[in-house]
There are 2 protein chains.
Amino acid sequence: MIKSLNKNQIKELIDNSDIALSHQEISKRLERQCDRVTIYRALDKLMEEGFIHRIVDVDGVSKFAACHGCTKNHHHQHVHFSCSVCSSVTCLEEIEPDFSLPEGYQVQEMNITLSGVCPVCSA
Amino acid sequence: MIKSLNKNQIKELIDNSDIALSHQEISKRLERQCDRVTIYRALDKLMEEGFIHRIVDVDGVSKFAACHGCTKNHHHQHVHFSCSVCSSVTCLEEIEPDFSLPEGYQVQEMNITLSGVCPVCSA
DNA sequence: TTATTAACGCAACAGTGTTGCAAATTAAAT
DNA sequence: ATTTAATTTGCAACACTGTTGCGTTAATAA
Ligand SMILES: [Mn+2]
Ligand SMILES: [Mn+2]
Ligand SMILES: [Zn+2]
Ligand SMILES: [Zn+2]
């Protein structure tokens, strides 16, 4: 019944978080401390399996958030917001900007991250 | 007359490139080899001065491209395209998607990077 | 020329992400 | 229950990115 303690706990953490979590944040929040590499591997697997997606923050830091309705092929057109005050990254799943590209570009993925001040920090 | 040999040469490299350049690529292209740190510092300065802007690629790699019409306050709403075949990152300065955010979000910067296959590699 | 400022190189460090290998756990088969 | 096979984990090592402090050299100003 119990398989992959760490991976499942990491999945729980991400699922239950309203903001995207970095490797570092995940590491800190894990009760049962585990090796860094274990976390990297778990994140890779979870992405492969379509449970989470990676968001590259404006400063290059990778953060991870739950997918809603992804199988193995991720489709994330939605916008992310990165707060420069509290450093939180949030998925704005409702917001999907559209635009047309010149001929010849084949789009597979998109990473859209706006940065500024989030509602909490600007209140 | 000659001031900041390296910084100026780095600026030239970026200005004359049609794709965004990473720190690594800049380092290789510099004839007069210089210290890694010097390049980082030059890039920071050039950004401060509004000559170049940083694009965070989908894999977290920072790339740098020339600004056209930025002073000290950068304004880059435009889209970037990252080719998964040739790893090139290109500014699509004409393409500026628009969308509206929920109340409370104050946008300062945006990093929009689409990935897929570029016209050259898809031809 | 001399003083001041900016640019540079070097060493050291913290952090991220990857790989290989061996030990430990879990699941499956006998 | 025992043995076997497959996963999961930890650890060491490594390459790479980015930052900081400090002493030195080169450029600009006085
Ligand atoms: Mn998202
Ligand atoms: Mn650009
Ligand atoms: Zn905030
Ligand atoms: Zn290409």
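Everything numeric here is computed off the predicted structure, so don't read it as measured data.
With rounding to whole Å, A:Ile39 atom CD1 is found 14 Å from C:dG15 atom P. In this structure, the CG atom of B:Leu43 is 12 Å from the P atom of C:dC8, given to the nearest Å. A:Gln33 places its CD atom 16 Å from the C1' atom of D:dC11, with the value rounded to the nearest Å. Distance A:Leu5 CG to C:dA24 P: 17 Å, rounded to the nearest Å. For the pair B:Asp57 CG and C:dG17 P, the interatomic distance rounds to 14 Å; values are reported in whole Å. To the nearest angstrom, C1' of D:dA26 lies 15 Å from NZ of B:Lys7. Distance B:Asn8 CG to C:dC8 C1': 14 Å, rounded to the nearest Å. If you take CD of A:Glu25 and C1' of C:dT16, they are 14 Å apart, rounded to a whole angstrom.
The ring pair (Phe, Tyr, Trp, His ring centres under 6.0 Å) analysis of residues 19-48 of chain B, with sequence neighbours excluded, yields the pairs B:His23-B:Tyr40. The ring pair (Phe, Tyr, Trp, His ring centres under 6.0 Å) contacts involving residues 84-105 of chain B comprise A:Phe81-B:Tyr105, where partners must be two or more places apart or lie in separate chains.
Across B:Val56 and A:Asp57, no two heavy atoms sit closer than the pair CG1-O, 3.8 Å. Considering every non-hydrogen atom in both B:Gly104 and A:Ser122, the closest pair reads O-OG, 3.1 Å.
Residue B:Val89 belongs to a hydrophobic cluster whose other members are B:Ile55, with links defined by side-chain heavy atoms closer than 4.5 Å. Chaining together hydrophobic side chains whose heavy atoms lie under 4.5 Å apart places A:Leu21 alongside A:Ile10, A:Leu13, A:Ile14, A:Ile19, A:Ile26, A:Leu30, A:Ile39, A:Leu43, A:Leu46, A:Met47, A:Phe51, A:Ile52, A:Phe64.
An OP1 or OP2 oxygen of C:dA7 is reached within less than 4.0 angstrom by no side-chain nitrogen or oxygen of B:Thr38. Between B:Asn6 and C:dC8, a side-chain N or O to OP1/OP2 separation shorter than 4.0 Å is present.
Residues satisfying the side chain to side chain donor-acceptor pair (under 3.5 Å) test with B:Thr38, not counting sequence neighbours, are none. For the side chain to side chain donor-acceptor pair (under 3.5 Å) test, no residue two or more places apart in sequence or in another chain qualifies with B:Gln9. Remark: A:Glu93 engages A:His68 in a side chain to side chain donor-acceptor pair (under 3.5 Å) (not counting sequence neighbours).
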What N/O pairs connect the protein and nucleotides 5-7 of chain D at under 3.5 Å? Give each pair on its own line.
none

When you check every protein heavy atom under 4.0 Å of nucleotides 14-21 of chain D, what one-letter string (B, S, -) results, 5' to 3'? ---BBBBB
